[in-house]
There are 2 protein chains.
Amino acid sequence: MKRRNTHQRQVILDILRQEHVHPTADQLYEEVKKAVPAISKGTVYRNLKILEEMGLINVLKLERNRHQYEYRRVNHSHFHCESCGAIFDIDVRFDAELDSNFISLTGFQVSHHNLEFHGLCQDCQNKQKNKTEEEPN
Amino acid sequence: MKRRNTHQRQVILDILRQEHVHPTADQLYEEVKKAVPAISKGTVYRNLKILEEMGLINVLKLERNRHQYEYRRVNHSHFHCESCGAIFDIDVRFDAELDSNFISLTGFQVSHHNLEFHGLCQDCQNKQKNKTEEEPN
DNA sequence: TTAGATGCAAAGGGTTTGCAACGTC
DNA sequence: GACGTTGCAAACCCTTTGCATCTAA
């Protein structure tokens, strides 16, 4: 199927192309409306699926029951804060040999891998610390 | 909150404790019914959430719009077939230093990481190969 | 001209939840 | 007896889809 270049799809991709942005479909919808007020949610969802098929964006499945989207960049992974849900982009180099190691160990044919780190971001660490100091046992 | 030890929760955990099992909530529900015919889906979902909080199981978010569950084991990652959706458990040793490398590089406080490889499993590779041979251009 | 894309609204489907009854400790 | 848990069914909410209309090429 020959894809056409629509204004709506272009706007969606432009928004995702900003660095360190990982909106949900709904947040994206609200953002796109500023440029294309008449856009419908269905169009957002359809285009997200198309852009994913085209390999231009990634789908992140970090939170329960909803997806987040990002522009596809090479060599980066994510840190996900378990408390506030924030996502940090991490430019990794330390996982460069994972795929080849995996292939030589298992014989599987690998197209790509997904690597996420989970923990507490600095803000949430501070909040926890303050809370503990305020309410000592 | 002090958790009680119910038959339903025990059966759910027992099923998940089998090796290489990654059922969806619905598949699990069907399976649990064999031992507890009157169980409801709500109970399955509630217990899955509780078992996750207790750190006894992991939630896999590989397929669109549904979760899969597994008993938590240390030091293993997954291979996910992009064609048939099968999940293979991989006992990894090659990612042992990921967390410490990540911490020393970024300063984040890491509790754990999630590593998935994606590609084609052997069966699906063969199917593709046969198809190509049957229908040459 | 024509097939892909859009807007709208309804439908789908996995997951959550309110409530009365029940079971564990 | 207290309170966590269950079954049931309805509600939720994110996502998909059918259809008439529009539009990029």
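Chain naming here is simple, since letters A, B, ... match the order of the sequence lines and numbering starts at 1 in each. Excluded from the calculations below are hydrogen atoms, water molecules and symmetry mates; all remaining heavy atoms, backbone and side chain alike, are included.
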Q: Take atom CD of B/Q27 and atom P of C/dT15, then tell me their distance rounded to the nearest Å.
A: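 In whole Å, C/dT15 P lies 11 Å from B/Q27 CD.
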Q: Do the side chains of A/R3 and A/E53 get close enough for a salt bridge, i.e. N-O under 4.0 angstrom?
A: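 A/E53 and A/R3: salt-bridged.
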Q: Between C/dG18 and B/R46, counting only base atoms on the nucleotide and side-chain atoms on the residue, is there a donor-acceptor pair under 3.5 Å?
A: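 Indeed, a donor on one side and an acceptor on the other fall under 3.5 Å apart.
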Q: Atom NE2 of B/H67 to atom P of C/dG13: distance rounded to whole Å?
A: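 Going from B/H67 (NE2) to C/dG13 (P), I get 17 Å.
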Q: How long is the line joining CD of B/Q10 and C1' of D/dG4, in whole Å?
A: 16 Å
Q: Quick one: B/K61 NZ to C/dT15 C1', roughly how many Å, whole number?
A: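 Answer to the nearest Å: 14 Å.
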Q: Apply the salt bridge (Lys or Arg N to Asp or Glu O under 4.0 Å) test between A/D26 and each candidate in A/K33, A/R66, A/K41; give the one that qualifies.
A: A/K41
Q: With distance as the sole criterion, do the side chain of A/R4 and the base of C/dA3 form a donor-acceptor contact below 3.5 Å?
A: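 By the distance-only test, yes, there is a pair.
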Q: With DNA chain D as reference, determine whether A/T24 or A/T6 sits nearer its 5' end, using the nearest nucleotide of each.
A: A/T24
Q: When you get a sec, tell me which of D/dT15, D/dT5, C/dG4 is the closest nucleotide to the side chain of A/M1?
A: C/dG4
Q: D/dC14, OP1 or OP2 - any side-chain N/O from A/R64 closer than 4.0 Å?
A: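 False: A/R64 side-chain N/O out of range (4.0 Å or more) of D/dC14 OP1/OP2.
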Q: Can you measure B/N47 atom CG to C/dT16 atom C1' for me and round it to whole angstrom units?
A: 14 Å
Q: Would you say C/dG13 has OP1 or OP2 under 4.0 Å from some side-chain N or O of B/R66?
A: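 No, outside the criterion.
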Q: Need to verify one output field. Residue with the more 5' nearest nucleotide on DNA chain D, B/T43 or B/N65?
A: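 Closer to the 5' end of DNA chain D: B/T43.
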Q: Find the distance B/E30:CD to C/dG14:P and express it as a whole number of Å.
A: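 From B/E30 CD to C/dG14 P: 12 Å.
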Q: May I have the distance from B/K33 (atom NZ) to D/dT6 (atom C1'), rounded to whole angstrom?
A: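 To the nearest whole Å, that distance equals 16 Å.
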Q: Examine D/dG7: is either OP1 or OP2 under 4.0 Å from a nitrogen or oxygen in the side chain of B/Q8? Give yes or no.
A: yes
Q: Between the main-chain N or O of B/I39 and the side-chain N or O of B/T43, is there a donor-acceptor pair closer than 3.5 Å?
A: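 Absent.
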Q: Could you check how far NZ of B/K49 sits from P of C/dT15, rounded to whole Å?
A: 11 Å
Q: Is any side-chain nitrogen or oxygen of B/Y45 closer than 4.0 Å to OP1 or OP2 of C/dT15?
A: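 Affirmative; the distance criterion is met.
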Q: Would one find a side-chain N or O of A/R9 under 4.0 angstrom from OP1 or OP2 of C/dA5?
A: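 True: A/R9 side-chain N/O within range (under 4.0 Å) of C/dA5 OP1/OP2.
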Q: Less than 6.0 angstrom separating the ring centers of A/H76 and A/H78, yes or no?
A: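 Yes, they do, as the ring centres are separated by less than 6.0 Å.
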Q: With side-chain contact (heavy atoms from CB on, under 4.5 Å) as the criterion, how do A/V11 and A/D14 come out once you've worked through the C-alpha distance, each side chain's angles and the decisive distance to 0.1 Å?
A: CA-CA 5 Å; A/V11 171; A/D14 283 347; 5.5 Å; no
Q: Taking only the side-chain nitrogens and oxygens of B/S40, find out if one of them lies under 4.0 Å from OP1 or OP2 of D/dT6.
A: no
Q: Nearest nucleotide by nearest heavy atom, which residue falls closer to the 5' end of DNA chain C, A/G42 or B/N5?
A: A/G42
